[in-house]
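This report concerns only the one structure given below.
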2 protein chains.
Amino acid sequence: MTDTARGTSRRYGTRPTMKDVAARAGVGLKTVSRVVNGEPGVTPDTERRVQEAITALGFRRNDSARILRKGRTASIGLVLEDLADPFYGPLNRAVEEVARSHGALLINGSSAEDPVREQELVLALCARRVDGLVIIPAGDDHRYLEPEITAGIATVFVDRPAGQIDADAVLSDNFGGAQDAVAHLIAHGHRRIGFIGDQPRIHTARERLRGYRTAMAAAGLPVDDAWVSLGSTDPGRVRAAATAMLDAPQPVTALFAGNNRVTVTAVRVLGERPRPVALVGFDDFELADLVRPAITVVAQDPARMGRTAAGLLFRRLDGIIDPPHREEIPTRLIARGSGEIPPTED
Amino acid sequence: MTDTARGTSRRYGTRPTMKDVAARAGVGLKTVSRVVNGEPGVTPDTERRVQEAITALGFRRNDSARILRKGRTASIGLVLEDLADPFYGPLNRAVEEVARSHGALLINGSSAEDPVREQELVLALCARRVDGLVIIPAGDDHRYLEPEITAGIATVFVDRPAGQIDADAVLSDNFGGAQDAVAHLIAHGHRRIGFIGDQPRIHTARERLRGYRTAMAAAGLPVDDAWVSLGSTDPGRVRAAATAMLDAPQPVTALFAGNNRVTVTAVRVLGERPRPVALVGFDDFELADLVRPAITVVAQDPARMGRTAAGLLFRRLDGIIDPPHREEIPTRLIARGSGEIPPTED
DNA sequence: CCCCCGATTGACAACGTTGTCTAGAGGCTA
DNA sequence: TAGCCTCTAGACAACGTTGTCAATCGGGGG
């Protein structure tokens with residue numbers, strides 16, 4: 001780029017800089033910077049001249065340069081499993097609102113539940129020097145983050161804890177919620193209850209299974225291995241698991257679905273069967289009250305999780321340095337009908 | 001920051017730079033740059049020394065500086081109405097996937113359907129020098145974008161066209177889809193059909209209303225003003241509108257809901273009424289098939305819209321400069337039951 | 001034995017902004 | 001009127017990287 005192409009006749013794709021504005025307004029570079037940033041010490045007359053030049057040239061401050069100079073990017077990264085998953089919508093939005101209230105932008109991406117992709121994404125965000133990270137982890141080893149955290153990138157894990165490192169985390173009460181769900185079914189007379197959950201490498205799946213087992217044990221009920229199925233939330237897999245439990249010689253009379261995707265598939269499967277089967281799902285979802293029977297769920301509060309996580313992040317960024325902190329968000333059982341169906345024998 | 005604090009004993013919050021790596025490896029700065037970027041012309045032995053230094057220091061390239069130098073940020077901005085709205089989930093994800101395949105990150109934010117906030121957000125993204133923008137507009141005047149587009153920021157509008165400027169747009173066939181929906185109801189015997197839609201300043205709401213009116217006119221049916229209600233999608237407003245239409249002396253026998261939020265509220269209202277009322281909704285939604293009756297919808301394809309928009313964006317970024325291009329994505333009527341209910345008189 | 005060539009390497013400027021420091025103008029006090 | 005202080009303004013370096021260019025080295029051909 002030649003100097004002549006700059007300032008006088010701008011070419012397509014070239015933006016005016018403060019230098020150009022300064023030249024046009026007949027002032028120094030720093031004076032433009034002062035006007036742009038609303039710093040004091042500029043005569044009203046000078047300011048007017050600069051403003052006119054800014055408007056005439058269509059100048060817009062280059063935040064890349066500003067970031068480089070100031071060291072803070074005023075942006076935070078959010079890594080979650082799938083941007084398209086409705087469960088993460090409110091969480092995403094809540095994080096965004098908090099970021100916005102702190103003047104920060106949000107960069108986000110999906111890990112697609114792939115630890116490698118999670119790491120790539122996180123490190124790309126670190127290279128951008130985001131001020132902080134909110135991570136819904138896919139992997140279970142986050143030692144790769146240690147240098148970043150040491151270097152000052154605040155990090156908060158949500159929904160699932162970090163693996164192999166000690167970091168802030170905001171989690172649902174998965175264990176307690178699962179206990180409540182199963183206890184609810186037991187209270188309605190069920191003794192053979194199936195659990196279909198997510199892959200066991202996922203922390204929430206393990207915790208919910210633990211809640212299931214604990215509630216069953218607390219009621220003195222045995223658990224047949226055939227009643228427990230952990231794996232992908234692929235509809236085919238879930239459908240097969242549910243069908244197997246329902247067609248067994250001693251079929252389950254109730255299902256506890258480990259997350260909202262499992263619940264949706266379970267609703268479809270149960271709708272096709274003659275005999276009514278009770279169902280409680282972990283995670284609330286829109287329209288759960290419109291399905292017949294309406295679906296009883298253990299509701300999490302994803303918006304609150306997002307708000308809490310982002311709040312924690314910015315407290316850290318503001319220099320309030322505590323030891324890593326783990327926060328647990330309570331769940332709430334919402335009885336709507338499907339969980340109150342009594343057991344029926346063939 | 002003193003030079004002694006750098007390179008030898010790093011402090012918390014300070015990251016090593018290429019200069020530090022170079023010093024430690026006993027090579028020049030540019031050689032480190034070459035290794036980091038995988039450029040040719042480095043001896044295996046030198047490369048090894050540099051790699052060791054990188055690992056030892058926990059160096060990570062500062063992309064802010066890189067961006068400043070190279071002029072491309074490898075990031076695109078996505079502005080939509082609400083990150084938490086399930087309709088935008090697949091769109092968001094599709095844009096992200098395309099961005100990822102081009103090595104770009106996604107910065108996104110919600111306009112909350114507020115034109116001022118949209119503009120703030122868009123200009124903040126421009127200040128970050130995103131390479132391109134995908135915008136679901138809230139406002140109807142986008143002249144503020146003209147200098148940015150001239151400066152080379154590629155811009156694609158999705159779901160709704162830009163206002164007052166000529167820009168790429170990817171839209172659903174709102175008019176045709178609405179026509180199909182209403183014609184479907186007419187074919188099932190309805191003559192008094194209500195339309196509850198979004199605020200009239202929103203392009204899609206106007207187009208869908210136009211489709212409604214056209215279909216009615218094509219069947220030679222009059223449209224009573226009391227059958228049409230445009231406004232916010234707030235449940236209270238929608239409920240009131242639906243109730244008024246259904247309680248009128250000449251009540252409507254079918255409802256056409258202008259978007260998924262309206263549809264959901266309509267389902268709730270209709271579920272409370274003794275007399276069955278037909279319903280077709282614009283936008284598909286998860287579980288529409290599980291509600292009883294299952295909901296007939298005009299389905300859009302938000303993932304395809306996102307893919308198309310992002311594809312267009314990157315084609316522009318790759319220098320394929322066409323005149324602004326408008327693409328229309330077809331809709332598809334999915335009959336599930338609620339749209340096939342015949343008219344019933346009191 | 002000298003020269004040329006390619007390969008490797010590093011010095012230096014530039015990207016556009018902000019922090020620091022200094023210059024100069026003008027007003028006030030003694 | 002000299003001296004000091006305040007207020008405005010600009011020169012300059014720095015942020016950490018990459019592009020350009022020149023220097024150095026070793027080897028092969030004449």
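By convention in this document, chain letters (A, B, ...) are assigned in the order of the sequence lines, proteins followed by strands, and residues within each chain are numbered from 1. What you see is a predicted model; the values in this text were computed from it and never measured.
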Any chance you could measure B:Thr155, atom OG1, to B:Glu146, atom CD, to the nearest 0.5 Å? 11.0 Å
Provide, to the nearest angstrom, the distance between the CZ atom belonging to B:Arg72 and the C1' atom belonging to D:dT18. 16 Å
Pairwise 5' ranking along DNA chain C for B:Pro44 and B:Arg129, keeping only the more 5' one: B:Pro44
B:His142 vs B:Phe157 aromatic rings, parallel, tilted or perpendicular, using cut-offs 30° and 60°? perpendicular
Any base atoms under 4.0 Å from B:Val42, or only sugar-phosphate, or nothing? Heavy atoms, all strands. sugar-phosphate
Please tell me if A:Ser64 has a side-chain N or O lying less than 4.0 Å from either OP1 or OP2 of C:dT17. no
With nearest nucleotides of DNA chain C determined for B:Pro40 and B:Arg69 from heavy-atom distances, which residue corresponds to the more 5′ nucleotide? B:Pro40
Considering only heavy atoms and no angle criterion, is a donor-acceptor pair shorter than 3.5 Å present between the side chain of B:Lys30 and the base of D:dG19? yes
Donor-acceptor pair present, B:Arg34 side chain and C:dG10 base, under 3.5 Å: yes
Separation of C:dG16 P from B:Ile67 CD1 (nearest whole Å): 14 Å
In Å, rounded to the nearest 0.5 Å, how long is the span from CG of B:Leu83 to CG of B:Asn108? 5.0 Å
Grab the NZ-C1' distance between B:Lys70 and D:dT20 for me, whole Å please. 14 Å
To the nearest Å, give me how far apart NZ (A:Lys19) and P (D:dA11) are. 12 Å
For C:dT8, does either OP1 or OP2 sit under 4.0 Å from a side-chain N or O belonging to B:Thr46? no
Separation of A:Asn37 atom CG from C:dG19 atom P, in whole Å? 8 Å
Measure CZ/B:Arg15 against P/D:dG16 and give the value in whole Å, please. 11 Å
Between B:Ser110 and A:Glu96, is there a side-chain donor-acceptor contact under 3.5 Å, judged purely by atom types and distance? yes
Measure CZ/A:Arg128 against C1'/D:dG16 and give the value in whole Å, please. 15 Å
Considering only side-chain heavy atoms of B:Ala65, which listed nucleotide, C:dT17, D:dG16, C:dT9, is closest? D:dG16
Between B:His203 and B:Leu171, is there a side-chain heavy-atom distance shorter than 4.5 Å? yes
Just list the side-chain donor-acceptor pairs under 3.5 Å for residues 159-166 of chain A, sequence neighbours left out, or say none.
{"from": "A:Arg160", "atom 1": "NH1", "to": "A:Glu113", "atom 2": "OE1", "distance (Å)": "2.8"}
{"from": "A:Arg160", "atom 1": "NH1", "to": "A:Pro137", "atom 2": "O", "distance (Å)": "2.7"}
{"from": "A:Arg160", "atom 1": "NH2", "to": "A:Glu113", "atom 2": "OE2", "distance (Å)": "3.2"}

Roughly how many Å is it from CG in B:Leu68 to P in C:dA14, rounded to a whole number? 14 Å
To the nearest 10 degrees, the angle between the two end axes of the helix from C:dC1-D:dG30 to C:dA30-D:dT1 (five pairs per end) comes to 60°
Reckon A:Ser33 has a side-chain N or O less than 4.0 Å from the OP1 or OP2 of C:dT18? yes
Counting just side-chain N and O atoms, does A:Thr31 come under 4.0 Å of either OP1 or OP2 of D:dA9? no
Donor-acceptor under 3.5 Å (A:Arg326 side chain, A:Ala169 main chain): no
Donor-acceptor contact present, side-chain A:Asp131 to main-chain A:Ala74, <3.5 Å: yes
